Amino acid sequence: LQRHGKKNFAFFHIVVADTRAPRDGRYIEQIGSYNPNTNPATIVLDFDKALNWVKVGAELTLVTRRILSYEGVLLRKHLDGGVAKGALTQEQADAKFAAWQADKDAKVNAKKDGLAKAADAKAKAAAEAEAKVNQERACEDIESFNELAALAKKAQEAAEAAKAAEEAKAAEAAAAAAEAEATEAEA
């Protein structure tokens, strides 16, 4: 595997290289790529080239062995060995490989569907939580509006009461002045 990409976000080229070559150095042939950053990991592999190199005795690293096993290269080599020994016919080997491939594809699709459903459920839960918070904020806004309206009403009533008290005082003063004029007029 040759490491490429940026820090903490690497992807790898699957290459055939001399064992004495450095990890990211000179290679004989590139047979695919591996991106572990996606879920599930993305593997692009030239199946025939990989199978050819495994058949001629290429030594695999641990991760490359797992990748090739996941893609079915090692199973195909095993089945071809059985055909060469006469334990299986080519049709039986092809049928076994096709059944394995269909099973693997079904598992991968089930995982992708599960991830998509989980993402949808998470988005729906987040939307519901946001709606709940917005509703609570709206209720708080209505309550604060009602409180402000009640305060404004009390202030208006207090202003009206003060105005009525002033008018009553003015009426009393006018009545007292009129009474005083009436007593002076009599006298």
Side-chain angles (χ1 to χ4, degrees), residues 1-140:
L1 295 177
Q2 278 190 336
R3 189 180 196 281
H4 292 278
K6 54 187 175 179
K7 185 167 53 171
N8 296 328
F9 203 76
F11 68 93
F12 301 89
H13 288 176
I14 302 170
V15 296
V16 177
D18 188 5
T19 57
R20 295 168 291 194
R23 179 192 74 183
D24 295 338
R26 186 172 161 198
Y27 61 90
I28 299 168
E29 184 176 20
Q30 180 176 341
I31 59 173
S33 65
Y34 167 59
N35 185 0
N37 301 313
T38 59
N39 191 4
T42 306
I43 300 171
V44 177
L45 184 69
D46 186 338
F47 191 87
D48 295 330
K49 286 182 183 178
L51 182 61
N52 184 36
W53 278 105
V54 170
K55 282 183 177 180
V56 296
E59 294 179 19
L60 305 173
T61 62
L62 294 175
V63 176
T64 306
R65 180 177 299 277
R66 290 205 34 132
I67 290 170
L68 294 183
S69 175
Y70 178 78
E71 289 296 312
V73 173
L74 298 180
L75 176 64
R76 188 77 223 184
K77 178 185 178 245
H78 175 74
L79 292 173
D80 287 349
V83 169
K85 291 178 185 175
L88 295 169
T89 64
Q90 187 64 42
E91 293 77 25
Q92 289 174 330
D94 291 342
K96 282 186 177 187
F97 186 75
W100 175 86
Q101 187 74 32
D103 186 42
K104 181 195 146 232
D105 290 342
K107 286 180 184 177
V108 169
N109 289 334
K111 182 176 182 179
K112 286 181 181 178
D113 291 342
L115 291 172
K117 286 180 184 176
D120 290 344
K122 186 177 180 181
K124 186 176 180 181
E128 289 175 358
E130 183 178 355
K132 183 178 177 184
V133 167
N134 289 341
Q135 185 178 11
E136 289 174 0
R137 285 183 185 160
C139 289
E140 289 173 3

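Being a predicted model, the structure only gives us computed values, none of them experimental.
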Taking everything shown except Arg3 itself, do over 12 heavy atoms lie less than 6.0 Å from its CZ?
-> yes

Salt bridge (charged side-chain N to carboxylate O under 4.0 Å, His left out) against Asp94, all qualifying residues, sequence neighbours excluded | Arg76

Taken in chain and number order and not counting sequence neighbours, the residues that satisfy salt bridge (charged side-chain N to carboxylate O under 4.0 Å, His left out) with Asp24 are none

Does CD in Gln90 sit with more than 12 non-hydrogen atoms of other residues, nucleotides or ligands closer than 6.0 Å?
-> yes

Less than 3.5 Å apart, which donor and acceptor atoms pair up between the side chains of residues 9-19 and the rest of the protein, not counting sequence neighbours?
{"unit_1": "His13", "atom_1": "ND1", "unit_2": "His4", "atom_2": "NE2", "d": "3.4"}
{"unit_1": "Asp18", "atom_1": "OD2", "unit_2": "Arg20", "atom_2": "NE", "d": "3.1"}
{"unit_1": "Asp18", "atom_1": "OD2", "unit_2": "Arg20", "atom_2": "NH2", "d": "2.8"}

Looking at Ala87 and Gln92, what are the two nearest heavy atoms and their distance?
-> O-OE1, 4.5 Å

Which pair of non-hydrogen atoms, one from Ala93 and one from Leu79, has the smallest distance, and what is that distance?
-> O-CD1, 3.5 Å

Among pairs that include at least one residue of residues 113-131, which meet salt bridge (charged side-chain N to carboxylate O under 4.0 Å, His left out), considering only residues two or more places apart or in two chains?
-> none

When Ile43, Val54, Val63, Leu51 are each screened for side chain to side chain contact (heavy atoms under 4.5 Å, CB included) with Leu68, the one that passes is Val54

Pairs satisfying ring-ring contact (aromatic ring centres under 6.0 Å, His included), at least one member in residues 79-121, at least two apart = Phe47-Phe97, Phe97-Trp100

Using salt bridge (charged side-chain N to carboxylate O under 4.0 Å, His left out) as the criterion, list what pairs up with Lys107, not counting sequence neighbours.
-> Asp103

Set of side-chain hydrogen bond (donor to acceptor under 3.5 Å, both in side chains) partners for Asn37, sequence neighbours left out | Asn35

Pairs involving residues 53-72, ordered by first then second residue, that meet side-chain hydrogen bond (donor to acceptor under 3.5 Å, both in side chains) (sequence neighbours left out) | Glu29-Trp53, Lys55-Asp80, Thr61-Thr64

Could you please spell out the steps behind the side chain to side chain contact (heavy atoms under 4.5 Å, CB included) verdict for Asn39 and Lys111?
-> CA-CA 9 Å; Asn39 191 4; Lys111 182 176 182 179; 3.5 Å; yes

What pairs meet the ring-ring contact (aromatic ring centres under 6.0 Å, His included) rule with one or both residues in residues 112-136, with sequence neighbours excluded?
-> none

